[in-house]
Structures are given as structure tokens and as C-alpha cells.
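Worth saying up front: this structure is predicted, and the values here are computed from it rather than measured. Below, read A as the first sequence line, B as the second, and so on, with proteins coming before strands; counting in each chain starts at 1. Note: hydrogens, waters and symmetry copies are ignored here, and every other heavy atom, side chains too, is used.
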Protein chains: 2
Amino acid sequence: MGLPLRKSKVTAPPPACPLTECMSLLRGAWAPNVIWYLSAGPRRFGELRHDIPRISARVLSARLRELEAKGVASRRVLATSPPSAEYALTELGHELVPAIKAIVEVGTRLKQHAKTRRKAPAK
Amino acid sequence: MGLPLRKSKVTAPPPACPLTECMSLLRGAWAPNVIWYLSAGPRRFGELRHDIPRISARVLSARLRELEAKGVASRRVLATSPPSAEYALTELGHELVPAIKAIVEVGTRLKQHAKTRRKAPAK
DNA sequence: CAGGATCCTAATCGATACTG
DNA sequence: CAGTATCGATTAGGATCCTG
């Protein structure tokens, strides 16, 4: 007989896994980028497209609408000609930035670490 | 003529968008969950399957192999009968936990905020 | 310029069956 | 128990065209 299952010591997420649900506000490969480029201040649709060259208009639009619906970002239509739209992070949206920064930080060190490890295999 | 494009004030990620690359270590819907449940200590394959009921063995296996390849998690085969495998976060892997926690925190408040907003539309 | 509509590709995931 | 293999469903994403 094998080992008995250990109970999880983690505060279990009972109601339909809120962890998964919460993490979904960074859904897709582009949401973090959008939040990142909005973190320095309001930005227009075209500017974001320029900031993130490989994103398509369709996906950028979709992510922005999602972020807006979730309360992470806000949309403001400017009465200019031609019309433009300006997006900004909400207060809560701004609080995501440090978390993203932390993940990027770890990711960066992880890459450096990978090289070091080839010479010093076991730590 | 429309507004001139503003230059991004964000430290631009020049080398092939490291932000996207780094965020990819939380790839998929399940990586955060796996990291989360490993954060309390080493855990076996079957235990993780039990922790995250809706994950399939195929995906759990794939995510674990990815996390291991990236240096976020480590794998240890136990000489038991039947054989078992134990996974654990590496030091750098542990550093992802606060970030995930922060995101979940914001996500939780975002949900509460959504309800409040229905009564007090403009803040 | 903003962004919706359509079509298509690629990645992810779940279920099931099977191996060591 | 710890996986791998295969299949089919779902979904993010890109490209292009088109409208206000």
C-alpha cells in the first residue's frame, strides 16, 4: 500500500476555486502587458497598439473590454477629431502592477539562474 | 488630424518582450494553482490531483514538467511501493507565492467592489 | 482612429485508456 | 501510484476587411 494522502495545509479555496478565478484577470498572454503599459498613466488605443507591436487590434480590444468589465481599467472617449479613446488603470488596477513586477523579477532571475546551473548542477 | 502619439513612459522591454516571457511561467489556467498548493510544502502527484479536482492528469503532468524545467519546482522520486513522486517549490518558486497572493487579493476586492458599484455607480 | 465581424490557426484542457 | 498517448472540445490569438 502506498503512502496515505496528506491533507493540504493551504487555506483551501472551497467556493469554486477563487484562485483560478482571480488569476483569470490576467487571462491570456497580453493582459499583463496591457496593465503594464497603462501603469505609467492613461493611454489611447493606438498608443497601446504601438507599445505592444505584436498584439492584434481584435485581442487588444477584447482584453481592454474585459479589464474594464472587471474594474481594472476605465475607458474614456475623447471628443477629438478623429475620435479617440483613452484607457487608464483604476485604483485597484494599479495594485496589480507590483505583483506583475514581482513575477517578472523572479522570471528574470530564473533565466539567469538557468545558465549558472549548467556549471553548478546541484545546489 | 488626430492627437500625436505619446511615447511610453514605461521602461520599455526591448529584448523580445521579457514581460510576456516572464509571465508565461504562470502559463495556462493551472500553473498558479500548482504553485499555490506546493507553497505549503512538498506534495505528491496524487495529492495535487486531489487538491485541484478539476485538473486532468495530463495537464498536471505537463505543468509540473514545465515548472521543473524553468526551475520553479523540483521533482523527487521516492523509493516506496508503489513508487511515488514528490514535488516541491524551489527557492525562486517560493518567491512567486506573494505575487500570486497579491493578485488574488486584488481579484477578491474587485469582486466585492463590483457589487458595491451597482448602488454607487460613479466613485 | 477606434473597434466590431469574419475566418482560420495554434495552444490548452478534459476524458479515457494504457504502461511501468 | 505516476505518469504517457490519443482524441475531441474549447479558446486565445492573428489577419483581414469594414464601419462610425
Side-chain angles (χ1 to χ4, degrees), chain A residues 1-6 16-17 19-21 23-35 37-38 42-70 73-88, chain B residues 1-6 17 19-21 23-34 37-38 42-70 73-88:
Chain A
M1 190 188 86
L3 303 174
L5 282 189
R6 295 170 293 192
C17 205
L19 200 162
T20 303
E21 192 180 345
M23 288 304 297
S24 81
L25 47 81
L26 296 186
R27 155 153 35 191
W30 297 119
N33 275 278
V34 174
I35 295 175
Y37 281 103
L38 283 179
R43 214 141 172 77
R44 297 197 307 276
F45 190 87
E47 291 175 326
L48 287 171
R49 273 194 83 174
H50 181 261
D51 291 337
I52 318 170
R54 304 194 294 176
I55 198 174
S56 66
R58 194 182 80 87
V59 172
L60 177 55
S61 176
R63 291 283 105 41
L64 284 170
R65 270 183 284 119
E66 273 184 24
L67 293 175
E68 191 191 357
K70 285 173 181 164
S74 63
R75 193 177 94 117
R76 199 163 63 97
V77 175
L78 305 178
T80 56
S81 170
S84 48
E86 193 171 78
Y87 296 87
Chain B
M1 189 189 84
L3 302 175
L5 284 187
R6 293 169 294 192
C17 205
L19 200 162
T20 304
E21 192 181 345
M23 289 304 297
S24 81
L25 48 81
L26 297 185
R27 161 152 30 194
W30 297 119
N33 275 277
V34 174
Y37 281 103
L38 283 180
R43 212 138 174 80
R44 296 198 308 275
F45 190 88
E47 291 174 328
L48 287 171
R49 275 194 81 173
H50 181 261
D51 291 336
I52 318 170
R54 303 193 295 173
I55 199 173
S56 64
R58 193 183 81 87
V59 172
L60 177 56
S61 176
R63 292 284 95 69
L64 284 171
R65 270 182 286 120
E66 273 184 23
L67 293 175
E68 189 190 359
K70 286 175 181 163
S74 63
R75 193 177 94 115
R76 201 163 62 98
V77 177
L78 305 178
T80 55
S81 171
S84 48
E86 192 171 78
Y87 296 87

Got a sec, which residues hit side chain to side chain contact (heavy atoms under 4.5 Å, CB included) with A:Glu47, two or more places apart in sequence or on another chain? A:Arg43, A:Arg44, B:Leu5, B:Arg6
Look up atom CD in B:Glu66 and atom OG in B:Ser24, then write down how far apart they are to the nearest 0.5 Å. 8.0 Å
Specify the separation, in whole Å, of atom CD1 of B:Ile52 and atom P of C:dT12. 17 Å
Residues passing the side chain to side chain donor-acceptor pair (under 3.5 Å) test with B:Arg76, sequence neighbours excluded, are B:Glu86
Closest heavy-atom contact between A:Arg49 and A:Ala57? NH1-CB, 3.5 Å
Please report, rounded to the nearest Å, how far the P atom of D:dA2 is from the CG atom of A:Leu3. 8 Å
Nearest heavy atom decides the nucleotide; on that basis, is A:Ile55 or B:Glu47 closer to the 5' end of DNA chain D? B:Glu47
Separation of atom OH in B:Tyr87 from atom C1' in D:dA2, rounded to whole Å: 7 Å
State which residues pass side chain to side chain contact (heavy atoms under 4.5 Å, CB included) with A:Ala73; sequence neighbours excluded, sorted by chain then number. A:Leu38, A:Leu67
When you compare the protein's N or O atoms with those of nucleotides 18-20 of chain D, which come within less than 3.5 Å of each other, and at what distance?
none

Taking it one step at a time, do B:Leu48 and B:Ile55 satisfy side-chain contact (heavy atoms from CB on, under 4.5 Å)? CA-CA 9 Å; B:Leu48 287 171; B:Ile55 199 173; over 6 Å; no
For A:Phe45 against A:Leu60, the heavy-atom pair lying closest together: O-CD2, 3.7 Å
Determine the contact category for B:Arg49: base if any of its heavy atoms lies under 4.0 Å from a base atom, sugar-phosphate if only primed atoms, P, OP1 or OP2 are that close, otherwise nothing. nothing
Polar pairs (N or O, both sides) under 3.5 Å between protein and nucleotides 4-8 of chain C?
| residue | atom | partner | partner atom | Å |
| --- | --- | --- | --- | --- |
| C:dG4 | OP2 | A:Ser61 | OG | 2.8 |
| C:dG4 | OP2 | A:Arg65 | NE | 2.7 |
| C:dG4 | OP2 | A:Arg65 | NH2 | 3.0 |

Integer-rounded Å distance: C:dT12 C1' and B:Asn33 CG: 15 Å
Base, sugar-phosphate alone, or nothing: which one does A:Ser56 contact when heavy atoms must sit under 4.0 Å apart? base
Sorted by chain and number, sequence neighbours left out, side chain to side chain contact (heavy atoms under 4.5 Å, CB included) with A:Arg65 holds for A:Ser61, A:Ala62
To the nearest angstrom, how far is B:Arg27 atom CZ from D:dT11 atom P? 19 Å
Minimal heavy-atom distance between A:Ser84 and B:Leu3, with the atoms involved, is OG-CD1, 3.9 Å
Atom pair distance, as rounded to whole Å: CZ in B:Arg44 and P in D:dA2: 6 Å
Any idea which of D:dC1, D:dA12, C:dG14 is nearest the B:Ser84 side chain? D:dC1
Using atom CZ of B:Arg43 as one end and atom C1' of D:dG3 as the other, report the distance to the nearest whole Å. 18 Å
Starting at atom CG of B:Leu26, determine the distance to atom P of C:dT12, rounded to an integer number of angstrom. 13 Å
